[in-house]
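Below is one structure, written out as structure tokens, with a few remarks after it.
Numbers here are sequence positions counted from 1.
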Amino acid sequence: MTSAIGFKRRSRTRNSARNTLFAAIAYVTKVLLQFIVRAIFIRYFVREYLGINGLFSNVLKILSLAELGVGNAIVYSMYKPVAENDTEKIKSLVRLYRNLYLIIASIIIAVGLALIPALPYIINDAKNVDINITVVYLLSLAHTVIGYFFAYRRALIFAHQRNDIESKVSFFAQIVLSIAEIIIILVWKNFYAYTAASVICYGLDAFIVFLISYKMFPEIRGKPQKLDKEETKKIAKNTGAMVFHKMGAAAVFSTDSIFISAYIGVATLGLYDNYTLVTSTLTSIANLIMTALKSSVGNMIATKKPDEVYKVFNALNLAMMWFVSFMTVGIVVCFQDFIRLYSGNPDYLLGYSTVLLLCTSFYFTRSRSMANNFKDCAGLFWNDRFKPIFETGINLGLDFLLVYFWGINGIITATIISTIAAPLWVEPFVLYKNYFKKPIKEYFIRYLVFTVVAVAACGATWCLCNLIPVGSVWWFVLKFFICLVLPNAVFFLCYYNTPEVEYLLSVAKSLLRRKKDGATAENVDDAVQAAEAATLEVDGTTAEAKGETLDAIETADEKPPDGENDENGSPPDGENGEEQHEIKVGCEEGQDGETAPTDEGKKDEG
């Protein structure tokens, strides 16, 4: 069936796979180019320039609080009318989105300009910098604001689970930007031009996505109807809740750079920024998986019972914990070697105690992402609205206190403590209490087991790699290979016989069988649903259930493609008067302040 705005409905599995594929290709390309540009940058500019670049990025992330979760709330409200082909309501939401974002852009410009007199107070020890700080700051401000003028049309693409379109545009924009930055550094060595290039390329990225959306959804043009009071009230409520979440994310992940610059120095911030480039890259890899899953998770929450969703949540949570644990082991073991080889200068290294704290902060922040993802997709923005206030108070208070006693390590420790004290337990608690209706005890037992296994794998890997010499690229490659094999072997031995892994394998087999035999996406969804029912029984998976799962997959593969009759001459489903389809309802965004149309999803998250 084709929707009112011209899109054929697709299965959750196909949408997630497609979005993940294009997001992965775009992001891998982006990461490689960013690291190449950064490697060239640190060889032609002093570290203070790197610190200033990172400082302004984080200051402007805080300014983006003016967005206040409007994008999340409206996109979330758009899924149901998209599923129901309610074009008039979509038009009304898009118009509301546009008007609010014009107001938000004006606020950011005004507040950003008002902060100019404060710049000298947050930039410390910048004696080697011979540029006009205000000009660079204004260029960074333009980079932040420009996306707000086009963001409302981008929401339509997200609501239709076509994240791959943005990934493709971002892919080409990043290539153009990286080439321009390399030429500027090598030929002119001009920091103004380097900063301006990102403004121009990001503006083109936003404008192209806007034009694509405008062409794809012509029915959305024209004067919309006025939203009813109930809908406006609902959006206002969700926006109000997201205000607090945005504040908490900004306070925890964006103020660290400000404290380091103001109390320690912009040169140290430049060193710190090299490390956070790596952790932010890994964070964004995890987030692109979350983003690809969000629409499908929201659809599942809208169409299935909580008990069925709970089984899938446990499987996806194990997969994410496995992935996060693997990444954490890698940076614990290889961080210092990588920075030494990457920068070409041992003076760019921070102390190993700082590295361990960064790795710990990364683990606790990312390991809660799946619970937060399901919570947001269930629309539970309001239930933990006070959590960010508590988190912010702890983080800022400890930042002021610990920076005097422990320097940069104190700032990172403050982030770890505030994460453990609030979001690490509040987010799953809200999800379990308000959606799953289950006690939280089981979640924390699982989390403790995951963490103990991760620590054991990390310890074993570190002990083995510590025997390898430092300095050579080939020794680093050997360490990387050990990190790739050993921790994953440990995780496999610990988890391979669990129902969650069996579920994941069933889904993987269905996708592979679809690719091999040409089964339709809808038929594969039937197989996946059968896998969900058969593989994840609460009281254990039986051999008979496994056989039923495989039978379901085989049956799905044998179904004829859409538009063809089966061997008995019966028309395919959906052609007897009324087409059948799934309701596409999901959610976008909401993880650790990700993100207004700023760089949060496109650059560092923190």
Side-chain angles (χ1 to χ4, degrees), residues 48-49 51-71 97-126 129 131-152 191-192 194-196 198-200 202-203 206 239-240 242-266 269 273 388-389 392-393 395-397 399-400 403 411 593-600 602-606:
E48 284 83 356
Y49 284 93
I52 289 172
N53 195 48
L55 173 65
F56 287 164
S57 294
N58 284 281
V59 168
L60 294 170
K61 285 175 188 176
I62 295 177
L63 282 184
S64 296
L65 282 173
E67 197 267 345
L68 298 179
V70 170
Y97 199 2
R98 187 198 70 174
N99 294 340
L100 289 174
Y101 262 19
L102 289 176
I103 296 172
I104 289 167
S106 302
I107 293 173
I108 292 178
I109 292 172
V111 176
L113 294 175
L115 286 178
I116 292 177
L119 294 180
Y121 299 99
I122 61 174
I123 298 178
N124 183 25
D125 191 25
V129 174
I131 57 173
N132 188 316
I133 298 296
T134 302
V135 173
V136 176
Y137 173 76
L138 289 175
L139 287 171
S140 300
L141 179 62
H143 182 279
T144 299
V145 171
I146 193 169
Y148 286 96
F149 293 103
F150 306 107
Y152 67 96
F191 192 69
Y192 298 118
Y194 174 85
T195 307
S198 65
V199 180
I200 295 171
Y202 182 57
T239 301
M242 290 303 299
V243 169
F244 298 107
H245 292 283
K246 289 278 186 178
M247 289 174 59
V252 173
F253 297 107
S254 297
T255 57
D256 285 359
S257 294
I258 298 175
F259 273 93
I260 293 172
S261 176
Y263 289 94
I264 302 174
V266 72
L269 177 58
D273 200 53
I389 299 177
T392 300
N395 186 72
L396 293 180
D399 275 341
F400 280 110
V403 70
I411 294 173
E594 288 192 83
T595 178
T598 62
D599 284 353
E600 192 73 342
K602 293 179 171 290
K603 280 192 177 181
D604 300 345
E605 176 179 320

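Under the ring pair (Phe, Tyr, Trp, His ring centres under 6.0 Å) criterion, Y192 pairs with no residue, sequence neighbours left out. In this structure I133 satisfies the side-chain contact (heavy atoms from CB on, under 4.5 Å) test together with I52, F56, L119, I123, V129, I131, sequence neighbours excluded. In this view, Y49 and D130 satisfy the side chain to side chain donor-acceptor pair (under 3.5 Å) rule, not counting sequence neighbours. With sequence neighbours excluded, the residues that form a side-chain contact (heavy atoms from CB on, under 4.5 Å) with I103 are I107. Not counting sequence neighbours, the partners of S257 by the side chain to side chain donor-acceptor pair (under 3.5 Å) test are N58. Checked against side-chain contact (heavy atoms from CB on, under 4.5 Å), A142 has the following partners two or more places apart in sequence or in another chain: V199. Residues passing the side-chain contact (heavy atoms from CB on, under 4.5 Å) test with I258 are L55, V59, I62, I122, sequence neighbours excluded.
Among residue pairs with one or both ends in residues 107-126, those qualifying as salt bridge (charged side-chain N to carboxylate O under 4.0 Å, His left out) are D125-K127; sequence neighbours excluded. Sorted by first and then second residue, the salt bridge (charged side-chain N to carboxylate O under 4.0 Å, His left out) pairs involving residues 98-123 (not counting sequence neighbours) form an empty list.
Taking the side chain as every heavy atom from C-beta outward, L396 and F259 approach each other to under 4.5 Å. Side-chain contact between Y101 and F150 is absent, with no heavy atoms from C-beta onward closer than 4.5 Å. Put simply, the side chain of I260 does not reach to within 4.5 Å of the side chain of V403, judged on heavy atoms. For the pair V136/N53, no side-chain contact is recorded, criterion being any heavy-atom separation below 4.5 Å from C-beta on.
Y137 contributes a side-chain N or O that, together with a main-chain N or O of G112, makes up a donor-acceptor pair within less than 3.5 Å.
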Between I116 and L138, does the side chain to side chain contact (heavy atoms under 4.5 Å, CB included) criterion hold? Intermediate values first, please. CA-CA 9 Å; I116 292 177; L138 289 175; 3.8 Å; yes

Going through the distances and angles, do L141 and L60 end up as a side chain to side chain contact (heavy atoms under 4.5 Å, CB included)? CA-CA 7 Å; L141 179 62; L60 294 170; 3.8 Å; yes

